[in-house]
Number of protein chains: 2
Amino acid sequence: MEPTAPQDTQADRVAAALEGLIFDGVFSDGDRLDEVRIAEQYGVSRTPVREAFQRLAQSGLVRQLPRRGAFVRQPGPIELIEMFEVMAELEAAAARLAAGRITDEALDLLKDLNRRSDDAVRERDADRYYDENERFHAAVYAQSGNGFLERECLRLQRRLRPFRRRQLRLRGRLRQSLGEHRAIVAALEDGDATAAADAIRAHVTVQGEKFHHLIASLRQAAE
Amino acid sequence: MEPTAPQDTQADRVAAALEGLIFDGVFSDGDRLDEVRIAEQYGVSRTPVREAFQRLAQSGLVRQLPRRGAFVRQPGPIELIEMFEVMAELEAAAARLAAGRITDEALDLLKDLNRRSDDAVRERDADRYYDENERFHAAVYAQSGNGFLERECLRLQRRLRPFRRRQLRLRGRLRQSLGEHRAIVAALEDGDATAAADAIRAHVTVQGEKFHHLIASLRQAAE
DNA sequence: GATGAATGTCTTGCATACAAGAATGTTGAC
DNA sequence: GTCAACATTCTTGTATGCAAGACATTCATC
């Protein structure tokens, strides 16, 4: 049950493309997605486009009103904060479980991932750091030993990706983030479930907070 | 963004019906869902049936293999344990947040719901207790003050419904469950986030454990 | 007798056609 | 000039038709 099984059908292609456009902010909240326009644009009939809409609707990216169409649904600041809060809790749960189940081998993997992140920070390569960061978190999910939790975490991680990406650009965040990663690994190494959960919760919550500030400043600037 | 917006389209009707059949265990894991058969059965064409399949696939109830069809996907014992574990963590998160945000009014509501549960227990009405139980938990989700978390909790609660229902039938579970509810309310009343989270986590985990035993005994009986 | 290729059937994926509901514009009355 | 009722147009929801991939059966070969 992969969250998004990359199948070779047209509907999947269109769904993936639209998802990308929504993530990239090409569409604003409330925009209507025209079936025929999109169908023409991708050279397919309305059927696969409609299937794509349904998938996006289930992911919460679009809202379908019966007999009225599909509308883009961008999360507002409040909902984003909420989503980061849930992400923090899910990751905390993963860390808690991982603390009791993690192997030495997996610990080495996490340390190795952090070393690579360190390289990226030193080279000021934000994009590469971002990738390594995601791998680190995914590795923690995997170590929870709970496949369902892992998939839920990956799902939300994916959904928050475009927003996390923005806030990582903030000054000094990279190095700080890396330090937090080390604290998480240390807690896992100690087998301290509570400490691991608290560490990763704080780590992710910081992202939400930073994002909150970012939004607030943008809003102020707009006024 | 209701998890299942009851819309008046054929696809929704078929999706709801199939979901019910899957939940009720009419279909076993791996069963193939025949488009044409189901279409005839519900007096519609293949199109809405296909749309229904997609929706069920997104919910994880069926698995779609390209060019091969839709197959029912019932969670096995391991995945169920995993799902209960995640449910416990999500509810713990909701309780943690609720502890800091809950109002006196909401506390009264929870106490009232528990009183009604008490009535149900006294009348040995398992079904009614079950309903009141769900309302109690839903009220805790709502008090988290996090709409996204609330929806995620409701989604998983819904998915686990058929399995929870079974284990509540176990001897003595009703009264025990009610006592745990009281402990949760007490912790919330104290504003003790950790205690509230631990209490509800234990409460839900017990359900998973009980379920585990149930499965194990069934398996033993089958051998 | 077993294995593999070829063919035939069945099922899905997509395109197109049609019908019904929603949105829009027009006309008429006040 | 404004509002409302009606008609028109547009869009969505559903049905059907067609093509390509998957499965099964059969036949040939080792």
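A, B, ... follow the sequence lines: proteins, then strands. Residue 1 opens every chain.
Although no hydrogens or angles enter the test, the distance criterion places a donor-acceptor pair under 3.5 Å between the side chain of A:Gln74 and the main chain of A:Phe27.
Between the P atom of C:dT11 and the CZ atom of B:Phe53 lies a distance of 13 Å, rounded to the nearest Å. In this structure, CG of B:Leu65 is placed 16 Å from P of C:dT11, rounded to the nearest angstrom. Between the P atom of C:dC10 and the CG atom of B:Leu33 lies a distance of 20 Å, rounded to the nearest Å. Separating the CZ atom of A:Phe71 from the P atom of C:dA22 is a distance of 13 Å, rounded to the nearest angstrom.
Positionally, the nearest nucleotide of DNA chain D for A:Arg68 lies more toward the 5' end than for the other of A:Thr47 and A:Arg68.
Side chain to side chain, A:Glu91 and A:Tyr141 meet the donor-acceptor criterion of an N or O pair below 3.5 Å. Remark: the A:Arg55 side chain and the A:Gln58 side chain contain no N/O donor-acceptor pair separated by less than 3.5 Å.
Among the protein residues, A:Arg32 comes within range of the sugar-phosphate backbone only, with heavy atoms under 4.0 Å from sugar or phosphate atoms but none that close to a base. Contact annotation for B:Val36: no contact, since no heavy-atom pair falls under 4.0 Å across all strands.
For the atom pair CG of A:Leu149 and OG of A:Ser144, the computed distance is 4.5 Å after rounding to the nearest 0.5 Å.
Results of the salt bridge (Lys or Arg N to Asp or Glu O under 4.0 Å) test with B:Arg116 over B:Glu132, B:Glu123, B:Glu134 single out B:Glu132 as the only residue that passes.
Considering only side-chain atoms of A:Arg46, the nucleotide from C:dT12, C:dC14, C:dA17 that sits closest is C:dA17.
Using cut-offs of 30° and 60° for the angle between ring planes, the A:His203 and A:His181 rings count as perpendicular.
Read 5' to 3', the first and last nucleotides of DNA chain D with an atom closer than 4.0 Å to a heavy atom of chain A are D:dT11 to D:dT14.
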